[in-house]
Amino acid sequence: MAQYRMIAIDLDGTLLAPDGSVSPRSRAAVHKALSAGLLVCFATGRNWTESQMILDAVAHYDTAVFVGGAMVIDTKSQRTLHRMGMEPRLAQEVCAAIEAMGHAALALQDTDQAGVDYLASADRELNEATRQWMKATTATVRFVAGLSQHTHEHTIRVGLAAASAEVRRAEASLKQRFGERILCQGLCVPAYGVEVLEVFDPAVNKWKGVLHVAARHGIRPEQIVAIGDDVNDLPMIRQAGLGVAMGNARSEVRAAARLVIKSNQEDGLAEFLEELVERHLVEPERSPAESPLGA
């Protein structure tokens, strides 16, 4: 019998329905897993501000992985437990390259330290995709002239938001120029009709963030279930004890997973969590005496 103790759950395309909402069934399924003693850890490319409305909708506040693994935050106390920022010189160079393509560079900040979510190029107009994303997530922005010269002491990630074709062109250009110095990935957020390009330090990924959370609870990698749909979920899906892809996942994510479940339009996550608990393929995080199931 597989004894899973922790579930790492992506947000966009996984927990969230296509319209960006949390269905009542998904919310109930998360709480069913919690009642069974499982540790539920959200792992998202969003930052804390961009995720807050979702956490409120689920009503689950625990340690979670944000910004693709670059930050681990105790969402109950809003305390940062782990942070991996970009090397300032690298952030400057990537901002310069993005601005040279005609885009506004978006430097995601450690909000607690910087006081804002993003720094954006003051001398480049924000496109419709960027304005839509900022409005939808209520992210705060400070416009800075010459991000290529900024100190970037609190920069976690650099990127842009644009139409799909523009994101693809920018991704190819940055990968060619910077090679292994960066982790560069394009992600789609269908609920808002936005595509974003994210550039990190190459050591950053969701799996490392998930392992940071697991270590705090004495949980081994093989005891983790990881569920996602996009390329930034690949490290955790490949390396978890059970890697699960949504039915709406990208083809490379489905190929890497040991299990493919129904899509987010069909409440695939909720159905999977319900079955996981009902079949008792879990080892409670609490002791048997403390577990609501009593076993």
Would you call Asp229 and Arg254 a salt bridge, using N to O less than 4.0 angstrom?
no
Decide whether Thr111 and Asp117 meet the rule of one side-chain donor and one side-chain acceptor closer than 3.5 Å.
yes
Test Val253 against Leu234 for side chain to side chain contact (heavy atoms under 4.5 Å, CB included), laying out the working first.
CA-CA 6 Å; Val253 179; Leu234 280 170; 4.1 Å; yes
Might you work through the salt bridge (charged side-chain N to carboxylate O under 4.0 Å, His left out) test for Asp110 and Arg83, ending with a clear yes or no?
CA-CA 8 Å; Asp110 180 341; Arg83 183 187 103 163; 3.0 Å; yes
Before accepting this row, confirm whether a basic side-chain N of the pair Glu274/Arg25 lies closer than 4.0 Å to the acidic partner's carboxylate O.
yes
What heavy-atom pair brings Met236 and Ala8 nearest, and what distance separates the two atoms?
SD-CB, 4.1 Å
Heavy-atom closest pair, residues Leu160 and Ala104
CB-O, 4.0 Å
Whether Arg157 and Glu198 form a salt bridge (side-chain N of Lys/Arg under 4.0 Å from carboxylate O of Asp/Glu) is what I want to check.
yes
Arg181 bridged to Glu93 by N-O distance under 4.0 Å
yes
Report yes or no: do Ser263 and Glu266 form a side-chain donor-acceptor pair below 3.5 Å?
yes
Under 4.0 Å between a side-chain nitrogen and a carboxylate oxygen: does that hold for Lys262 and Asp267?
no
Between Lys76 and Asp62, does at least one N-O distance fall below 4.0 Å, as a salt bridge requires?
no
For Glu128, is the CD atom crowded, meaning more than 12 foreign heavy atoms sit under 6.0 Å from it?
yes
Looking at every non-hydrogen atom in both residues, tell me the closest pair between Glu99 and Ser121 and how far apart they are.
OE2-OG, 2.6 Å
State, to 0.1 Å, how close Val277 and Ala36 come at their nearest heavy-atom pair, and which atoms those are.
CG1-CB, 3.7 Å
Can a salt bridge be assigned to the pair Glu87 and Arg89 using a cut-off of 4.0 Å between side-chain N and carboxylate O?
no
Under 3.5 Å side-chain donor-acceptor pair for Ser164 and Glu195:
yes
Any idea which heavy atoms bring Ala120 and Leu126 closest together, and the distance?
CB-CD2, 4.3 Å
Under 6.0 Å from the CD atom of Gln265, do we count more than 12 heavy atoms belonging to anything else shown?
no
